[in-house]
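Worksheet for the structure shown next.
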Amino acid sequence: MKIQDISALEVLDSRGNPTVEAQVILEDGSWGQAIVPSGASTGENEAVELRDNDPLRYGGKGVRQAVANIQTQIRNSLIQRDFMDQSQLDHQLIELDGTPNKARLGANAILAVSMAFARAQAQAQQLPLYRYLQGPFTEAVWLPVPCMNVINGGRHADNNVDFQEFMIAPHQAGSFAEAIQMGETVFHTLKALLKQRGLSTGVGDEGGFAPDLKANEEAVDLILEAITRAGYKPGEQVSLCLDPAASELWQNGHYQLSKSTGQILSTEAMIRLWEDWTRQYPIVSLEDGLGEHDWEGWKALTATLGHRVELVGDDIFCTNPALVQQGIDQKIGNAVLIKPNQIGTVTQTLDTVRLAQQNQYRIFISHRSGETVDTFIADLAVATSAGAIKTGSGCRGERTEKFNQFLRIEHRLGAAARFAGRDAFGQ
Ligand SMILES: C=C(OP(=O)(O)O)C(=O)O
Ligand SMILES: [Mg+2]
């Protein structure tokens with residue numbers, strides 16, 4: 001079926017920065033729309049997010065050029081053409097861009113069109129998006145564990161906590177709906193606990209609380225207490241996932257805890273810290289425990305902890321199949337974080353998922369810290385049978401809308417729905 005029209009406009013993300021929205025209309029009137037998100041603690045090898053650099057508009061963060069690229073070059077090369085499938089469309093976009101990292105047209109422009117086309121095709125084929133995206137994957141009936149980021153630090157909050165994300169994983173649930181209820185109960189209990197301790201209940205970029213604390217460990221202690229007070233057993237019903245986003249701490253070959261004590265740690269000291277934390281606390285998943293340049297450190301971390309903890313690569317892999325392949329070859333990590341805008345098309349995102357799964361690496365689907373109410377990643381998680389998703393926590397609409405989409409999918413699947421549970425972390 002031919003593409004009849006493509007359009008785009010500049011809209012806003014949850015940080016109030018511009019981002020790209022695209023619409024694709026097919027000749028039968030089927031229609032798809034999508035908005036791309038934006039990261040703050042980005043990996044160096046991510047596909048290029050095109051910004052205008054005009055200091056008089058949004059401090060240089062406008063995306064008018066990316067929008068113009070959709071309305072002119074991309075539109076001209078796609079309309080009145082018939083694409084057999086998602087892959088053909090995406091490869092046309094990659095070819096048109098002509099660079100290895102989508103620097104010419106912008107990954108934000110390309111991904112918005114790729115996602116909008118997927119939605120239009122799903123509508124034309126009368127399929128829910130998760131079924132359209134399912135492709136050669138196993139049956140799309142698995143709902144992931146919602147890993148809710150309840151304390152924010154690092155680049156995502158103006159507090160004194162160095163590590164970026166402290167998440168709860170309510171894995172001992174019978175359904176996604178029950179997991180959300182458990183997670184929200186802990187979230188609200190944590191709020192009451194912070195209030196009682198005289199700590200701030202203001203939230204960071206991803207909806208988790210962002211208090212100033214005595215030490216990074218206090219974040220974990222508070223969450224464990226909230227889990228217990230909420231009536232759950234830490235480690236049995238609700239465990240922890242961390243994303244310290246260690247690339248952000250990396251300075252001159254060391255890790256610097258500059259928001260708290262200023263302590264400077266070697267790679268070996270960081271590995272020891274994660275060994276201690278994962279023995280002491282019920283941590284099932286550790287993302288970016290070391291930085292993207294520290295491949296030797298990652299090898300040692302994987303050899304030390306990989307048999308008992310999920311080690312997720314975000315900045316080091318950038319959802320890029322070539323980098324994931326290098327990681328597999330060098331035995332780095334055992335799971336891949338999947339963020340479609342790190343690579344820039346739906347097809348390449350699915351390629352990375354497939355490569356990881358074929359090599360027994362788990363996948364963990366992720367939002368960005370700058371989000372919108374677009375729920376594409378929820379359908380992507382079900383389509384790929386991803387065991388886990390992180391999409392913030394309980395009180396910001398752009399995050400809860402993803403939870404709501406999972407609730408809709410679970411409702412729609414009815415008795416066929418399955419909840420991933422603890423297996424999602426290889427435990
Ligand atoms: C979601 C993350 O943050 P950002 O979107 O800022 O990269 C992350 O680091 O995993
Ligand atoms: Mg990360």
Side-chain angles (χ1 to χ4, degrees), residues 13-17 19 35-49 51 61 107-108 111 144 146-159 161-167 169 203-208 210 240-250 255 259 270 274 283 285-294 298 301 310-320 323-324 327 332-333 335-344 349 352 362-372 374 376-378 380-381 386 388-393 396 398-399 402:
D13 73 15
S14 55
R15 278 192 279 251
N17 293 325
T19 189
I35 318 180
V36 294
S38 175
S41 61
T42 48
E44 280 182 14
N45 291 313
E46 294 195 17
V48 174
E49 187 179 71
R51 298 275 175 194
K61 290 188 175 150
N108 40 358
L111 182 65
C147 301
M148 300 163 97
N149 184 4
V150 293
I151 292 191
N152 294 187
R155 290 280 293 263
H156 295 169
D158 289 327
N159 57 0
V161 177
D162 297 289
F163 302 146
Q164 183 178 282
E165 301 172 25
F166 296 79
M167 293 170 272
V203 298
D205 286 356
E206 297 188 349
L240 306 180
C241 304
L242 300 179
D243 177 10
S247 304
E248 300 294 324
L249 308 172
W250 182 254
Y255 295 92
K259 289 182 84 181
M270 280 292 273
W274 299 131
I283 294 168
S285 178
L286 172 65
E287 176 190 330
D288 283 5
L290 295 175
E292 64 191 320
H293 295 296
D294 198 357
W298 262 96
L301 177 72
E310 178 174 86
L311 299 174
V312 188
D314 172 10
D315 290 352
I316 197 161
F317 295 147
C318 286
T319 316
N320 184 314
L323 292 172
V324 171
I332 279 179
V336 180
L337 201 77
I338 300 291
K339 293 168 164 169
N341 80 325
Q342 285 184 323
I343 187 73
T349 305
T352 304
R362 285 180 292 281
I363 56 164
F364 200 135
I365 306 277
S366 171
H367 63 162
R368 299 308 306 247
S369 50
E371 264 294 336
T372 74
D374 191 298
F376 197 93
I377 56 166
L380 178 67
I389 181 144
K390 60 173 197 173
T391 182
S393 75
R396 289 183 58 135
E398 77 279 4
R399 316 288 154 183
K402 272 70 156 177

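Since the structure is predicted, the reported quantities are computational estimates derived from the model, not experimental observations. In listed order, ligands and their atoms are each counted from 1. For reference, positions follow the sequence shown, starting with 1.
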Under a 4.0 Å N-O cut-off, is there an ion pair linking R368 with D13? no
Quick one: does S369 get an N or O within less than 3.5 Å of an N or O on ligand 1? yes
If we ignore angles and hydrogens, is there a donor and acceptor under 3.5 Å between the side chains of Y255 and D162? no
Nearest non-hydrogen partners of P144 and A386, listed with the distance: CB-O, 3.4 Å
Any side-chain donor-acceptor pair under 3.5 Å between Q164 and N149? no
Would K402 and E371 pass as an ion pair if we require N to O under 4.0 Å? yes
Backbone or side chain, does any N or O of D314 fall under 3.5 Å from an N or O of ligand 1? yes
Determine whether the side chain, the backbone, both or neither of A245 has a heavy atom under 4.0 Å from any heavy atom of ligand 1. neither
Please list the nearest protein heavy atom to atom 10 (O) of ligand 1 with its residue and the distance rounded to 0.1 Å. K390 NZ, 2.6 Å
Are any of the N or O atoms of S38 closer than 3.5 Å to those of ligand 1? no
Quick check: closest heavy atoms across R399 and S393, and the distance to 0.1 Å? CB-O, 3.8 Å
Within a radius of less than 6.0 Å around NZ of K259, do more than 12 heavy atoms belonging to other residues, nucleotides or ligands occur? yes
Are any side-chain N or O atoms of N159 and backbone N or O atoms of N152, one a donor and one an acceptor, separated by less than 3.5 Å? yes
Option set H156, R368, Q342, criterion heavy-atom distance to atom 3 (O) of ligand 1, minimum: H156
Ignoring angles and geometry beyond distance, decide whether H367 reaches within less than 3.5 Å of ligand 1 through its nitrogen or oxygen atoms. no
2.8 Å cut-off (strict), protein N, O or S atoms about the Mg ion (ligand 2): 3
Counting non-hydrogen protein atoms only, what is the nearest one to atom 9 (O) of ligand 1? Give residue, atom name and distance. Q164 NE2, 2.9 Å
Part of R155 within contact of ligand 1 (heavy atoms, under 4.0 Å): neither
Are any of the N/O atoms on G39, whether in the backbone or the side chain, positioned under 3.5 angstrom from an N/O atom of ligand 1? no
Write out the residue and atom name of the closest protein heavy atom to atom 2 (C) of ligand 1, then the distance separating them to 0.1 Å. K339 NZ, 3.4 Å
Quick one: closest heavy-atom pair of L380 and I338, and the distance? CD2-CG2, 4.3 Å
At a 4.0 Å threshold, what atoms of ligand 1 neighbour a non-hydrogen atom of D243? 8 (C), 9 (O), 10 (O)
Evaluate the salt bridge (charged side-chain N to carboxylate O under 4.0 Å, His left out) criterion for residues K339 and D314: first the C-alpha distance (whole Å), next the side-chain angles of each, then the deciding distance (0.1 Å), finally the verdict. CA-CA 9 Å; K339 293 168 164 169; D314 172 10; 2.8 Å; yes
Residue pair S247 / D315, side-chain donor-acceptor N/O under 3.5 Å: yes
Distance-minimising heavy-atom pair for L337 and V312: N-CG1, 3.5 Å
